[in-house]
2 protein chains.
Amino acid sequence: MSDYIEKAINILKENDFRITTPRKLVIKLLDKSKEALSAYEIKDKLDSQGKDVDIVSIYRIIDCLEKNKLVHRVLSNSKVMKCQIGHEDECHKHQEYHCHHLLICQKCGTIEEIHCAGIAPVIKKVEHESSFKIKTHNLEFYGVCKSCL
Amino acid sequence: MSDYIEKAINILKENDFRITTPRKLVIKLLDKSKEALSAYEIKDKLDSQGKDVDIVSIYRIIDCLEKNKLVHRVLSNSKVMKCQIGHEDECHKHQEYHCHHLLICQKCGTIEEIHCAGIAPVIKKVEHESSFKIKTHNLEFYGVCKSCL
DNA sequence: TTCACTGCAAACCTTTTGCAATTCT
DNA sequence: AGAATTGCAAAAGGTTTGCAGTGAA
């Protein structure tokens with residue numbers, strides 16, 4: 001069993017969520033996917049495996065995984081992908097949502113997640129120039145991954 | 001007439017778009033708003049002014065303004081706001097979409113737009129560590145503006 | 001056994017499409 | 001006049017809600 005699946009199941013258990021068949025199916029699917037998926041894309045992929053899960057359940061499972069910080073939501077298209085970066089990471093503790101930056105390949109859709117390191121000076125600069133008190137942020141990069149170059 | 005309205009009208013004319021009553025109403029409304037607005041929010045605000053514009057037209061007007069880089073789209077909620085930063089700005093020329101960073105107040109919704117300055121070192125770092133070739137990015141900050149502090 | 005979770009039906013909200021009528025230039 | 005734009009009707013998507021039945025702990 002992959003690290004992600006194991007971690008996801010443990011976190012759900014710890015937080016008193018039940019380990020159900022539909023939840024396991026969605027977790028397994030997200031674990032295999034290199035791209036972010038929409039609710040309907042998840043449904044279609046499960047369907048084609050002969051695993052029928054209602055679309056409403058998929059929405060609720062995504063909510064559940066998001067609450068448990070087990071998925072990222074890509075803002076530019078509202079799809080979700082597994083979050084592999086550990087829950088011990090600073091951003092998980094202090095931010096309202098995962099601020100791990102996303103690198104999105106415009107050709108194949110592959111997404112890589114990276115830590116927030118390096119953004120701190122930008123935040124300081126922006127706070128200084130704007131008189132906003134910044135609490136959190138969202139940063140998505142779009143480009144071409146090494147396999148597509 | 002405000003700078004924004006004047007600029008918007010000029011740019012539409014330059015690009016062979018017509019200056020119609022509904023378009024002027026939306027431009028004026030966006031000019032006055034400190035928050036980003038959804039299509040239906042625009043419709044409701046115009047309605048309450050006694051100006052009836054069909055929701056379909058509002059969608060099409062937003063598209064038109066977006067193509068002309070006269071509005072930003074806030075990714076986190078898909079609303080639009082006027083783009084005040086000049087068309088001579090680097091980002092307008094080279095990026096696929098406006099990369100002006102947005103500062104969004106979590107209390108009152110006010111949005112401030114700022115230049116991309118300061119992000120370049122982060123992009124270099126990310127490219128170096130990831131072997132992605134970065135083309136563009138989107139960065140939204142969430143916090144509290146000075147009036148709400 | 002109990003309560004969380006799922007599935008189904010239906011509602012709801014947002015966005016898009018096609019076409020005829022309108023109105024800018 | 002001619003072409004772009006609007007308004008209307010309708011469809012298409014995406015997401016949410018309520019409730020009864022199911023299944024994990």
Side-chain angles (χ1 to χ4, degrees), chain A residues 5-6 8-30 35-47 49-68 70-81, chain B residues 5-6 8-30 35-47 49-68 70-81:
Chain A
I5 296 177
E6 198 165 357
I9 289 177
N10 287 337
I11 286 175
L12 290 183
K13 278 184 185 163
E14 276 171 33
N15 294 101
D16 293 321
F17 289 90
R18 293 184 178 170
I19 311 304
T20 66
T21 306
R23 279 182 182 164
K24 277 188 284 189
L25 288 170
V26 172
I27 291 167
K28 277 182 198 162
L29 186 67
L30 289 173
E35 312 166 52
L37 300 173
S38 68
Y40 273 95
E41 283 167 344
I42 292 172
K43 168 143 188 62
D44 291 343
K45 281 181 189 283
L46 292 178
D47 278 354
Q49 293 174 18
K51 315 286 189 183
D52 220 321
V53 179
D54 193 88
I55 184 67
V56 176
S57 301
I58 291 175
Y59 275 105
R60 290 193 272 226
I61 290 167
I62 290 172
D63 282 349
C64 165
L65 297 177
E66 205 173 9
K67 277 187 193 127
N68 284 279
L70 289 164
V71 292
H72 289 288
R73 193 171 286 274
V74 179
L75 287 195
S76 42
N77 56 23
S78 186
K79 299 180 180 185
V80 290
M81 65 168 298
Chain B
I5 297 176
E6 198 166 358
I9 290 176
N10 287 337
I11 286 175
L12 290 182
K13 278 184 185 164
E14 276 172 30
N15 294 102
D16 292 323
F17 290 90
R18 294 184 178 170
I19 311 304
T20 66
T21 305
R23 279 182 182 163
K24 277 189 284 189
L25 286 170
V26 172
I27 291 168
K28 277 183 198 161
L29 186 66
L30 289 173
E35 312 167 50
L37 301 173
S38 68
Y40 273 96
E41 284 169 342
I42 291 172
K43 168 145 189 60
D44 291 344
K45 281 181 188 281
L46 291 179
D47 278 356
Q49 293 174 15
K51 314 286 188 182
D52 219 322
V53 179
D54 193 89
I55 184 67
V56 176
S57 300
I58 291 174
Y59 276 105
R60 290 193 272 227
I61 290 167
I62 290 173
D63 282 349
C64 165
L65 296 177
E66 205 172 9
K67 278 187 193 125
N68 284 278
L70 290 164
V71 293
H72 289 289
R73 194 171 286 274
V74 179
L75 286 195
S76 42
N77 57 21
S78 187
K79 299 180 181 187
V80 291
M81 66 168 297

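Legend: residues meeting side-chain hydrogen bond (donor to acceptor under 3.5 Å, both in side chains) with A/Asp47, ordered by chain and number and at least two apart, are A/Lys43.
Smallest separation of non-hydrogen atoms from B/Ile62 and B/Val71: O-CG2, 4.3 Å.
Annotation: the span from A/Gln49 atom CD to A/Leu29 atom CG amounts to 6.0 Å, rounded to 0.5 Å. The line from CG of A/Asp63 to CZ of A/Arg60 is 9.5 Å long, rounded to the nearest 0.5 Å. Once rounded to the nearest 0.5 Å, the distance linking CD1 of A/Ile42 with CG of A/Leu30 reads 5.0 Å. Rounded to the nearest 0.5 angstrom, B/Leu12 CG and B/Leu70 CG are separated by 5.5 Å. From B/Lys24, atom NZ reaches atom CD1 of B/Ile5 across 10.5 Å, with rounding to the nearest 0.5 Å. The CD atom of B/Glu66 lies 10.5 Å from the NE2 atom of B/His72; values are rounded to the nearest 0.5 Å.
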5' to 3', nucleotides 13-19 of chain D under a 4.0 Å protein heavy-atom cut-off (B base, S sugar-phosphate only, - none) gives -SBBBB-
Its contact letters, B for base, S for sugar-phosphate only and - for none at protein heavy atoms under 4.0 Å, make nucleotides 20-25 of chain C read ----BS
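Distance, A/Lys67 NZ to C/dC5 C1': 12 Å, rounded to whole Å. With rounding to whole Å, B/Lys43 atom NZ is found 15 Å from C/dT15 atom P. In this structure, B/Ile61 places its CD1 atom 17 Å from P of D/dA4, rounding to the nearest Å. When the C1' atom of C/dC5 is taken as reference, atom CG of A/Leu65 falls 13 Å away, rounded to whole Å. One interatomic measurement links the two molecules: CG of B/Asn15 to P of D/dA3, which rounds to 20 Å at whole-angstrom precision. Taking atom CG on A/Asp16 and atom C1' on C/dT2, their separation rounds to 14 Å, with Å as the unit. Counting to the nearest Å, the P atom of C/dC5 and the CD1 atom of A/Ile62 are 16 Å from each other. Atom pair A/Ile9:CD1 and D/dA25:C1' shows a separation of 15 Å (rounding to whole Å applied).
Within the 3.5 Å criterion, the main-chain N or O of A/Phe17 finds no donor-acceptor partner in the side chain of A/Asn15.
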